[in-house]
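Predicted model only: the values in this text are computed from it and were never measured. Here is the naming used below: chain letters follow the sequence lines, and residue numbers restart at 1 for every chain.
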Amino acid sequence: MIDLKRLAEPGYSAGIKRKGADGAVIDQVIALSSQRHEAQLAVERLRAESNTVSKAIGKASPEDRPAKIEAAAAVKAALVEAEQTYNTLDGQVTELALQLPVPAHESVPDGGEDDGQIIATVGGTPAAPPMDHADFGRHLGWVDNELGADVSGSRFAYIMGGAVQIEFALVQYALAKLVARGFVPVVPPVLVREQMMVDAGFFPTDRHQVYSIEGDDLFLVGTAEVPLAGVHRGDRIDDTRLPLRYCGFSSCFRREAGTYGKDTRGIFRVHQFDKVEMFVWSDPDKSWDEHEMLLEIEREILDELALPYRVVNIAAGDLGSAAAKKYDCEVWLPSEGAYREVTSCSNYLDYSARRLDARIKGESGSRFAHTLNGTAIPVARMLVFLMEHYQQADGTFTVPEVLRPFCGLDSIGPRS
RNA sequence: GGAGAGGUGGCCGAGUCAGGUUGAAGGCGCUUCCCUGCUAAGGAAGUAACGGGGCAACUCGUUCGGGGGUUCGAAUCCCCCCCUCUCCGCCA
């Protein structure tokens, strides 16, 4: 939810328009919310009167009561009418306001999907190995798409053998790094209530991407961001505790609706994968520093895995409604001859905290927290990149140096 | 899954079975002041959040797990949901 009070500020609304929002909607929200304010004043005036009159009845003698009750009923009737007016306006304001995204930060480039600004490029663009990630995964006995499809359907896969050892090495490696940085590791619930999906900002917009559980009011999360957002929902956080950094390890479930025919090879895009996700509750004055730190961690991971990548500052029109700024890290995928997204990190400012009602308390009073999130390790996709960049001519997989202490292996051949 | 008991302010805990100065007794904690060789003990006052109006003192509204309903008026009555605890059953 955006800050309606600031909507009239030119700088604020300009940032919203840069994300492609209709200026007419902004004007409409401003007009409607001022009407709503008038209506609210009217309601509160009548409520005050109604309260006063009702309290008087309690103190009145039995003989006086009938007349007083009748008078109170008249006030009540007027109140009910005023409330209807208010509720109508409130519904309209809320519906329109939910369509408005958080303003883009000034450092975010204009434009859409193709207008991201490449702010760093590390490593080269090596030629494709003999096998692409899907063939190599089958060759090693690491990935079985057919078995996955047979048991669960398309876009499901069995991850087996050495890939599992690499998965856990990746996770352990990331957790060690994040814990050293003050992150609290978390294994959160992956099934959440509808209200949590709403509060985390995924419902109603992304509802079609989410699996629901028959017979229970529960939904499978597409990212640990959802339950991590719940950690301080409704809290009044003492500002001396900030920043609060968490990293969640969880399986992630995505319906991938609307992606038919895209990325069908291997495990690049699957319905279920494991991920280590970072989540930060920040002081509003320091969230941009936290954002840079999240990027730094993501880059450090890619640097240490020696993967060639670039960093993109996503353009305003391509940002989701919650993000004021987002960096994508894209790794070179040799078989496709293209950079593909591996991780990303966003600063949501107070957009999400407003809905979560997560505030920080300090000497200057109470303010909404800022929330940020970023990917540390998206396991399946990371395996895809590793399977191409660490593939040897003899058909073996060389374990990245940095993972060796975590799995005790230097090289892995095909599973017998 | 079956049976029962509960969810009240930062915490504990009255009030609910007779609806009306109860936004909520009392206690703990916390803040300020007094007393006091130091500390402990003691005394006084203050101490919920959120939204609106006001320079401010202050004032109005909302909130007693959540959502509906009855009523002039609901912590209190009715309905639905959530959660916690105890016992039984079941299970990694």
Side-chain angles (χ1 to χ4, degrees), chain A residues 1-8 29-94 97-98 187-200 203-204 212-219 226-227 229-242 244 251 281 284 350-369:
Chain A
M1 178 66 101
I2 55 156
D3 189 345
L4 291 177
K5 278 191 221 157
R6 297 188 59 194
L7 205 50
V29 170
I30 293 172
L32 279 168
S33 62
S34 110
Q35 282 180 48
R36 178 179 66 170
H37 186 234
E38 292 302 314
Q40 188 178 352
L41 290 179
V43 167
E44 290 187 358
R45 216 177 298 123
L46 283 165
R47 266 213 266 264
E49 191 183 342
S50 177
N51 287 342
T52 310
V53 173
S54 290
K55 276 180 186 166
I57 294 172
K59 286 181 278 190
S61 62
E63 311 84 69
D64 292 343
R65 285 198 180 188
K68 285 182 183 287
I69 288 175
E70 204 175 320
V75 177
K76 178 71 187 305
L79 174 60
V80 168
E81 198 178 326
E83 279 175 338
Q84 276 168 2
T85 306
Y86 172 80
N87 287 338
T88 306
L89 286 165
D90 186 52
Q92 288 170 345
V93 170
T94 305
L98 285 176
V187 178
V190 293
L191 283 165
V192 301
R193 279 185 217 289
E194 181 168 23
Q195 192 58 50
M196 190 63 245
M197 281 293 191
V198 172
D199 291 348
F203 279 9
S212 62
I213 303 301
E214 180 93 13
D216 290 281
D217 174 34
L218 290 171
F219 301 85
V226 176
V231 171
H232 291 294
R233 173 165 58 169
D235 281 3
R236 304 286 177 263
I237 306 164
D238 196 299
D239 65 358
T240 56
R241 294 176 65 204
L242 297 175
L244 288 165
S251 292
W281 305 82
D350 61 355
Y351 186 86
S352 188
R354 204 172 280 280
R355 189 174 258 184
L356 291 163
D357 191 27
R359 299 168 201 248
I360 59 167
K361 272 193 327 193
E363 286 177 8
S364 55
S366 111
R367 289 193 286 171
F368 286 107

Practice problem: Any salt bridge (charged side-chain N to carboxylate O under 4.0 Å, His left out) involving residues 60-71 of chain A? Give me the pairs, sequence neighbours left out, ordered by first then second residue. | Solution: none
Practice problem: Can you tell me the distance, in whole Å, between the NZ atom of A:Lys361 and the C1' atom of B:rC50? | Solution: 13 Å
Quiz prompt | B:rG15 and B:rG65, which share atom name P, separated by this distance in whole Å | solution = 15 Å
Quiz item: Could you give the CD-to-C1' distance, from A:Glu70 to B:rC72, as a whole number of Å?
Solution: 11 Å
Quiz item: Does A:Asp216 have any side chain to side chain donor-acceptor pair (under 3.5 Å) partners at least two apart in sequence or in another chain, and if so, which?
Solution: none
Exercise. Could you list the residues that satisfy side chain to side chain donor-acceptor pair (under 3.5 Å) with A:Gln84, not counting sequence neighbours?
Key: none
Quiz item: B:rG61 C1' sits how many Å from A:Glu44 CD, rounded?
Solution: 4 Å
Quiz item: Which residue lies toward the 5' end of RNA chain B, A:Glu49 or A:Arg65, if each is placed at its nearest nucleotide?
Solution: A:Arg65
Quiz item: Looking only at atom C1', what distance separates B:rA44 and B:rG66, rounded to whole Å?
Solution: 41 Å
Quiz item: Of all residues at least two apart in sequence or in a different chain, which pass the side chain to side chain contact (heavy atoms under 4.5 Å, CB included) check with A:Arg236?
Solution: A:Asp357, A:Arg359, A:Lys361
Quiz prompt | B:rG67 and B:rC55, which share atom name C1', separated by this distance in whole Å | solution = 41 Å
Polar atom pairs (N or O), protein with nucleotides 90-92 of chain B, under 3.5 Å:
none

Quiz item: Start at the 5' end of RNA chain B and walk down; is the nucleotide closest to A:Leu41 or to A:Arg236 reached first?
Solution: A:Arg236
Self-check item: All side chain to side chain contact (heavy atoms under 4.5 Å, CB included) counterparts of A:Pro284, not counting sequence neighbours
Solution: A:Ile360, A:Arg367, A:His370
Quiz item: With a 4.5 Å heavy-atom cut-off, do A:Phe219 and A:Ile213 have their side chains touching?
Solution: no
Exercise. Not counting sequence neighbours, which residues clear side chain to side chain donor-acceptor pair (under 3.5 Å) with A:Asp3? List them please.
Key: A:Arg354
Show me the protein contacts with nucleotides 78-85 of chain B, counting only N or O atoms at under 3.5 Å.
residue	atom	partner	partner atom	Å
B:rC82	O3'	A:Arg193	NH1	3.3
B:rC82	O3'	A:Arg193	NH2	2.7
B:rC82	O2'	A:Arg193	NH2	3.4
B:rC83	OP1	A:Arg193	NH2	3.1

Self-check item: Euclidean distance for P, B:rA41 against B:rG29 (whole angstrom)
Solution: 9 Å
Practice problem: Sort out the partner of B:rA48 for me: Watson-Crick or G-U wobble, both distances under 3.5 Å, none otherwise. | Solution: B:rU63
Exercise. Please give the nucleotide sitting opposite B:rA18 as a Watson-Crick or G-U wobble pair, both distances under 3.5 Å, or none.
Key: none
Show me, pair by pair, the donor-acceptor contacts under 3.5 angstrom made by side chains of residues 32-44 of chain A, not counting sequence neighbours?
residue	atom	partner	partner atom	Å
A:Ser33	OG	A:Val29	O	3.0
A:Ser33	OG	A:Ile30	O	3.2
A:Arg36	NH1	A:Asp90	OD1	2.8
A:Gln40	NE2	A:Glu44	OE2	3.3

Exercise. With sequence neighbours left out, write down each residue that passes side chain to side chain contact (heavy atoms under 4.5 Å, CB included) with A:Ser50, or none if nothing qualifies.
Key: A:Ser54, A:Val75, A:Leu79
Quiz prompt | Under 3.5 Å donor-acceptor, A:Asp235 side chain and A:Ile237 backbone | solution = no
Quiz item: Within less than 4.0 Å of OP1 or OP2 of B:rA49, is there a side-chain N or O belonging to A:Ser366?
Solution: no
Quiz item: A:Lys5 side chain N/O closer than 4.0 Å to the phosphate oxygens (OP1, OP2) of B:rG52?
Solution: yes
Quiz prompt | Identity of whatever pairs with B:rA56 - Watson-Crick or G-U, under 3.5 angstrom | solution = none
Practice problem: Whole angstrom is fine here: how far is it from CD in A:Glu38 over to P in B:rG52? | Solution: 14 Å
Quiz item: side chain to side chain contact (heavy atoms under 4.5 Å, CB included) with A:Ala200: which residues, sequence neighbours excluded?
Solution: A:Met196, A:Phe202, A:Val226, A:Ala229
Quiz item: Hey, is the side chain of A:His37 poking within less than 4.0 Å of OP1 or OP2 on B:rG51, counting only N and O atoms?
Solution: no
Exercise. Please state the C1' separation for the pair B:rA18 and B:rA74 - nearest whole angstrom.
Key: 15 Å
Quiz item: What integer number of Å spans the C1' atoms of B:rC79 and B:rU70?
Solution: 11 Å
Quiz item: Expressed in whole Å, how much space separates the C1' atoms belonging to B:rG1 and B:rG20?
Solution: 44 Å
Exercise. Please state how far atom NZ in A:Lys55 lies from atom P in B:rG20, giving the value in whole angstrom units.
Key: 13 Å
Polar atoms only, N or O, under 3.5 Å: list the protein pairs with nucleotides 62-71 of chain B and their distances.
residue	atom	partner	partner atom	Å
B:rU62	OP2	A:Asn51	ND2	3.4

Quiz item: Is the closest side-chain heavy-atom distance between A:Leu244 and A:Val231 below 4.5 Å?
Solution: no
Quiz item: Using the C1' atom in both, what is the distance from B:rU76 to B:rG69, to the nearest Å?
Solution: 15 Å
Self-check item: Distance (rounded to the nearest 0.5 Å) between A:Leu356 CG and A:Asp350 CG
Solution: 11.0 Å
Quiz prompt | Pair A:Asp199, A:Gln195: side-chain N/O donor-acceptor within cut-off below 3.5 Å | solution = yes
Practice problem: For B:rA5, give its Watson-Crick or G-U wobble partner with both distances under 3.5 Å, or none. | Solution: B:rU84
Quiz item: When the distance from CD1 of A:Ile57 to P of B:rU21 is rounded to whole Å, what number comes out?
Solution: 13 Å
Quiz item: Whole Å only: how far is the CD1 atom of A:Ile237 from the C1' atom of B:rA49?
Solution: 15 Å
Quiz item: Can you tell me how far C1' of B:rG51 sits from CZ of A:Arg45, to the nearest Å?
Solution: 16 Å
